[in-house]
Participant: 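Sharing a structure with you now.
These numbers were taken from a predicted model, which means no experiment stands behind them. Count residues from 1 along the sequence. Both counts, for ligands and for their atoms, begin at 1 and track the order of listing.
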Amino acid sequence: MRTIRSPKKMSQAVRELVAAGKTLALVPTMGALHEGHLALVDRARKSADVTLASIFVNPTQFGPGEDYLNYPRDNRRDLALLRERGVDIVFLPQVKDIYPEGFETYVSVEKMTQTLEGASRPGHFRGVTTVVAKLLNITRPDVVIFGQKDYQQALTLRRMCLDLAYPVKFIIAPTVRERDGLAMSSRNQYFSPEQRAEAVCLIIGLRAARKAFKAGETSVRAIGELIRSEAKTVCPTVKFEYVAVTDFETFAPLKALKKGAMISLAARVHGVRLIDNLRL
Ligand code: PAF
């Protein structure tokens with residue numbers, strides 16, 4: 001496995017691989033890797049000849065007061081995991097490589113980033129789309145893979161790739177969950193064991209919603225209340241930021257539940273902000 005830090009060298013390596021007739025799949029990450037990321041790597045390996053992963057904790061997608069400085073960073077561990085999983089090249093740029101002095105060009109997807117995560121975290125998606133546009137420009141992959149846990153992010157990036165004509169196959173891979181159902185997330189590391197046990201409250205709420213839908217419930221409001229109350233039985237202090245029901249493909253808000261709809265939520269569990277979702 002090669003580790004490349006400079007964007008120029010990365011682009012050069014890509015040019016050589018393309019000249020040799022190889023196809024490339026990219027898994028962009030911010031490190032603090034877990035099995036969810038590694039499942040994306042497995043998917044990448046099946047999708048192209050050469051597997052690239054990037055590790056870059058992107059400052060522009062964190063708001064003031066968010067966890068940019070404390071975000072878990074352990075390159076040694078991450079690189080070992082990626083090597084073990086068969087990644088060929090890791091792109092590991094520094095902030096000054098991605099945001100050179102005087103940087104002032106951003107990419108933003110306008111409408112679908114205004115709601116849910118976009119409303120809770122102003123500026124977040126502008127940071128995400130800008131860095132991913134740049135990673136795509138540097139690595140020019142044939143395939144790029146994101147996880148469905150960050151569903152609004154995945155749809156936003158898919159929109160960007162379509163709108164800006166990135167010649168890339170866009171894959172959204174299923175969420176990987178812990179044995180008890182908690183969606184894997186780098187932020188799960190912030191929990192003590194007792195708090196971690198209660199973090200399962202979100203998927204318990206979502207699964208209760210799916211059960212209620214199967215039993216005939218179609219009210220968005222009732223399902224939101226059910227999710228909140230079920231979650232509170234497991235974690236009495238959980239604080240929801242939103243529960244939303246949207247069309248799975250278009251992200252349009254729905255007035256009533258229907259098969260295939262997406263339920264997304266964000267909540268603070270013992271102060272840690274988590275998101276999760278489930279498709280009906
Ligand atoms: O999902 C993430 O880890 C990040 O938002 C991404 C896509 C790597 C951009 O920094």
Participant: Taking the side chain as C-beta and beyond, is there a heavy-atom pair between Phe56 and Met30 under 4.5 Å?
Facilitator: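 Phe56 vs Met30: side chains apart.
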Participant: Which ligand 1 atoms does Phe146 reach within 4.0 Å, using its non-hydrogen atoms?
Facilitator: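 Answer for ligand 1: 7 (C).
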Participant: Taking Asp97 for its side chain and Ser6 for its backbone only, find out whether a donor-acceptor pair lies under 3.5 Å.
Facilitator: no
Participant: So do the side chains of Lys258 and Leu280 get within less than 4.5 Å of each other, counting heavy atoms only?
Facilitator: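 SC-SC contact between Lys258 and Leu280 ruled out.
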Participant: Could you note down all residue pairs passing ring pair (Phe, Tyr, Trp, His ring centres under 6.0 Å) where residues 103-149 supplies at least one of them, sequence neighbours left out?
Facilitator: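 Checked against ring pair (Phe, Tyr, Trp, His ring centres under 6.0 Å) - neighbours excluded - the pairs reaching residues 103-149 are Tyr99-Phe103, Phe103-Tyr106, Phe146-Phe170.
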Participant: Who are the side-chain hydrogen bond (donor to acceptor under 3.5 Å, both in side chains) partners of Arg177, not counting sequence neighbours?
Facilitator: Asp276
Participant: Give me the nearest non-hydrogen protein atom to atom 2 (C) of ligand 1 as residue plus atom name, then the distance to 0.1 Å.
Facilitator: Gln153 NE2, 3.8 Å
Participant: Going by the atom numbers of ligand 1, which of them fall below 4.0 Å from some non-hydrogen atom of Val131?
Facilitator: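 With Val131 as reference, the close atoms of ligand 1 come out as 9 (C), 10 (O).
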Participant: Return a yes/no value for Asn58: is any of its N or O atoms, backbone included, closer than 3.5 angstrom to an N or O of ligand 1?
Facilitator: no
Participant: Specify the protein heavy atom at minimum distance from atom 3 (O) of ligand 1: its residue, its atom name, and the distance to 0.1 Å.
Facilitator: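 Going atom by atom, the protein heavy atom closest to atom 3 (O) of ligand 1 ends up being Met30 CG, 3.7 Å.
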Participant: Taking distance alone, with N or O pairs closer than 3.5 Å, would you say Gln61 contacts ligand 1?
Facilitator: yes
